[in-house]
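Have a look at the structure below, then the notes.
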Amino acid sequence: MAFFDDLSRTLSDKGKEAAHKAKEAAEVLQVKAQIASEKSKLKELYGAVGVLYYKKYRDDEDNEFQDLFKEIGNILTNIAVMEEKVQNLEGSIVCPNCKKVMKKGSAFCSKCGAELKTEEETEEGTEEIGFAEEGLPEVFTEEAELFEEE
């Protein structure tokens, strides 16, 4: 009988030890998830600072980051060109007012109600890549708005 009592006690102790280790492992995973979340927020904030700095100083020729600014501008232009290509391949157009992507042939924007140019009107005029009021490609403007919303 003593054998079974000792076995029972040993199993009970090992079970408690396993439960304790599982609880510690769960806590470690939870803290690691919190760290990852904070790092993600930090990365977004760094990005927002960069966007704001870029917007403010992109035209300053004496800026030590001017080479990077040029590269950013080139990449944003390339993205805008590629997005336009995708829109053409998908058969869609962009609302000039709110930048919502719409099906080609739509007369009005479903988001803001602006009148959309027909395909013939677009081909007659000179078509821009889609730069925002501030002179940035709309891709960049949308990215900046994501940072500003938070």
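Note that the numbering runs from 1 along the sequence shown for the chain.
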Exercise for the section: Evaluate whether atom CD of Glu71 has more than 12 neighbouring non-hydrogen atoms of other residues, nucleotides or ligands under 6.0 angstrom away. Expected result: no
Handout entry: Between CZ on residue Arg58 and NZ on residue Lys70, distance to nearest 0.5 Å
Key = 15.0 Å
Problem - Same apolar cluster: Leu68 and Leu76, side chain cutoff 4.5 Å - result: yes
Handout entry: Derivation and outcome, side-chain contact (heavy atoms from CB on, under 4.5 Å), residues Ile75 and Ile79
Key = CA-CA 6 Å; Ile75 290 170; Ile79 290 170; 3.9 Å; yes
Handout entry: side-chain hydrogen bond (donor to acceptor under 3.5 Å, both in side chains) partner of Asn63, chosen from Tyr54, Tyr57, Tyr53
Key = Tyr53
Handout entry: Between OG1 on residue Thr10 and CG on residue Asp5, distance to nearest 0.5 Å
Key = 10.5 Å
Practice task
Report the C-alpha separation of Met102 and Ser92 in whole Å, then their side-chain angles, then the decisive distance to 0.1 Å, and conclude whether the side-chain contact (heavy atoms from CB on, under 4.5 Å) test is met.
Solution key: CA-CA 5 Å; Met102 306 289 298; Ser92 58; over 6 Å; no
Handout entry: From Lys23, Lys16, Glu17, Glu24, residue fulfilling side-chain hydrogen bond (donor to acceptor under 3.5 Å, both in side chains) relative to His20
Key = Glu24
Practice task
To the nearest 0.5 Å, tell me how far Glu38 CD sits from Leu45 CG.
Solution key: 9.5 Å
Handout entry: side-chain contact (heavy atoms from CB on, under 4.5 Å) between Leu116 and Cys95, intermediate numbers included
Key = CA-CA 6 Å; Leu116 303 175; Cys95 173; 4.0 Å; yes
Fill in the blank from the handout: Distance col, row Phe69:CZ vs Glu61:CD, nearest 0.5 angstrom, shows 12.5 Å
Fill in the blank from the handout: Correct closest heavy-atom pair for Lys100 and Lys111 would be CD-CB, 3.4 Å
Problem - 4.5 Å side-chain heavy-atom contact, Lys43 and Ser40 - result: no
Handout entry: Over 12 non-hydrogen atoms of neighbours within 6.0 angstrom of CD in Gln34
Key = yes
Exercise for the section: Run the numbers on Lys85 and Glu83 for side-chain contact (heavy atoms from CB on, under 4.5 Å), then give the verdict. Expected result: CA-CA 5 Å; Lys85 185 175 182 177; Glu83 284 185 339; over 6 Å; no
Exercise for the section: Pick out which of Leu11, Asp6, Leu7 makes a side chain to side chain contact (heavy atoms under 4.5 Å, CB included) with Arg9. Expected result: Asp6
Problem - Atom pair SG/NZ of Cys109 and Lys99 - distance to nearest 0.5 Å - result: 10.5 Å
Handout entry: Nearest-0.5 Å distance, CD1 of residue Ile93 to CD of residue Gln87
Key = 9.5 Å
